[in-house]
Amino acid sequence: MNQSPATAAIAEAACADWGMQLFIPRSAAHLGVAYEVATGDNLEPVGGGTVKSGADYLQILGIYPVTAGESCVDAPLNGLDCPEWRAGDDQAWFVSDVAVGSGEPDELGACEGCSMLYQWNQDGSVKSYKALPQPGGYSFRFLCDTGDKLP
């Protein structure tokens, strides 16, 4: 837990200190396992705090706009259906195979250095995502990953 919420850029830097990157789900199965880990009381918080589980560990992800002002409004949120967004390491990524909500991720939140804020259903599927303008999505908790689970 941080004393103030971390943006995706701050989380990326913290993860890099451990030789990792901010978590990027690669497939529906990978996201499902990450949700189970995040909500299963498996985590030992680093940097303070005592909260060992919760979907808020997946509130920010390493997914960013490719070009400022361009987005895939009302499209499923994955690398194939939404090429206007990319994984921080430019590899495959997956959040949903169906569009969620309306008007998201919007073009205003698809800005240089921006990211999304994610909310999750209890079954591990994404409930909503919101592209937030500078500084982007933020969370007190986040997951770091080695990025080696490519499909």
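The basis for the numbers below is simple: all heavy atoms, side chains too, and nothing from hydrogens, waters or symmetry mates.
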> For residues 18-45, which residue pairs qualify under ring-ring contact (aromatic ring centres under 6.0 Å, His included), counting only residues two or more places apart or in two chains?
Phe23-His30
> Could you give the distance from CG (Asp56) to CG (Leu117), rounded to the nearest 0.5 Å?
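CG of Leu117 is found 10.5 Å from CG of Asp56.
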> Measuring only between side-chain heavy atoms, which start at C-beta, is Tyr138 closer than 4.5 Å to Ile10?
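Counting from C-beta outward, Tyr138 and Ile10 never come under 4.5 Å.
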> So how far is it from Trp93 CH2 to Leu77 CG, rounded to the nearest 0.5 Å?
4.0 Å
> Checking the side chain of Gln119 only, and the main-chain atoms of Ser128 only, is there a donor and an acceptor separated by less than 3.5 Å?
no
> Ignoring hydrogens and angles, tell me if any N or O in the side chain of Glu70 forms a donor-acceptor pair with the backbone of Ala110 under 3.5 Å.
no
> Any donor-acceptor pair under 3.5 Å linking the side chain of Asn78 with the backbone of Val95?
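Between the backbone of Val95 and the side chain of Asn78 there is no qualifying donor-acceptor contact (under 3.5 Å).
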> With hydrophobic residues grouped by side-chain heavy-atom distances under 4.5 Å, do Val126 and Tyr57 end up in a single group?
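Yes; tracing contacts between hydrophobic side chains, which count when under 4.5 Å, links both residues.
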> Tell me, do Cys82 and Pro76 make a side-chain contact under 4.5 Å, heavy atoms counted?
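With C-beta onward as the side chain, the pair stays apart.
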> In this structure, are over 12 heavy atoms from other groups packed under 6.0 Å from Gln134 atom CD?
yes
> Identify whether Val100 and Trp120 are in the same connected component of the hydrophobic contact network (ILVMFWY, side-chain heavy atoms under 4.5 Å).
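Cluster IDs for Val100 and Trp120 match.
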> Taking all atoms of both residues into account, what is the closest heavy-atom pair of Asp145 and Asp148, and its distance?
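Scanning both residues, the minimum pair turns out to be OD2-N, 4.5 Å.
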> Please check this pair: side chain of Arg141 against backbone of Leu143, looking for a donor-acceptor N/O pair closer than 3.5 Å.
no
> Would you say that Asp89 contacts Gln21 through its side chain, given a criterion of any heavy-atom pair below 4.5 Å between the two side chains?
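Result yes, sub-4.5 Å side-chain heavy-atom pair found.
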> Heavy atoms only: give me the nearest Pro133-Cys114 pair and the separation to one decimal.
C-SG, 3.6 Å
> Look up atom CG in Leu61 and atom OH in Tyr129, then write down how far apart they are to the nearest 0.5 Å.
12.0 Å
> Quick one: does any side-chain atom of Glu104 pair with a main-chain N or O of Ala131 as donor and acceptor, under 3.5 Å?
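At least one qualifying donor-acceptor pair exists.
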> Working to the nearest 0.5 Å, report the span between CG of Leu58 and OH of Tyr118.
10.5 Å
> Tell me the closest heavy-atom pair linking Ser115 and Trp85, and the distance in Å.
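Closest approach of Ser115 to Trp85, heavy atoms only: CA-CZ3, 4.3 Å.
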> Could you tell me which residues satisfy side chain to side chain contact (heavy atoms under 4.5 Å, CB included) with Asp41, sequence neighbours excluded, listed by chain and number?
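Side chain to side chain contact (heavy atoms under 4.5 Å, CB included) check on Asp41 returns Lys52, Ser53.
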> For the atom pair OG (Ser27) and CG (Asp97), what is the distance rounded to the nearest 0.5 Å?
11.0 Å
> How close do Ala6 and Ala11 get, counting heavy atoms only, and between which atoms?
CB-N, 4.3 Å
> Between the main-chain N or O of Ala92 and the side-chain N or O of Arg26, is there a donor-acceptor pair closer than 3.5 Å?
yes
> Would you say the side-chain atoms of Thr7 pair up with the backbone N or O of Gly136, donor to acceptor, closer than 3.5 Å?
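No, the answer is negative, given that no donor and acceptor are paired below the 3.5 Å cut-off.
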> Would you say the side chain of Asn121 lies within less than 4.5 Å of the side chain of Lys127, judging by non-hydrogen atoms?
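Yes, close enough: below the 4.5 Å cut-off.
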> Roughly how far, to the nearest 0.5 Å, is CD of Glu107 from OG1 of Thr67?
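Interatomic distance, Thr67 OG1 to Glu107 CD, rounded to 0.5 Å: 12.5 Å.
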> Provide the closest heavy-atom pair for Pro65 versus Cys111 in the form atom of the first, atom of the second, distance.
CG-O, 3.3 Å
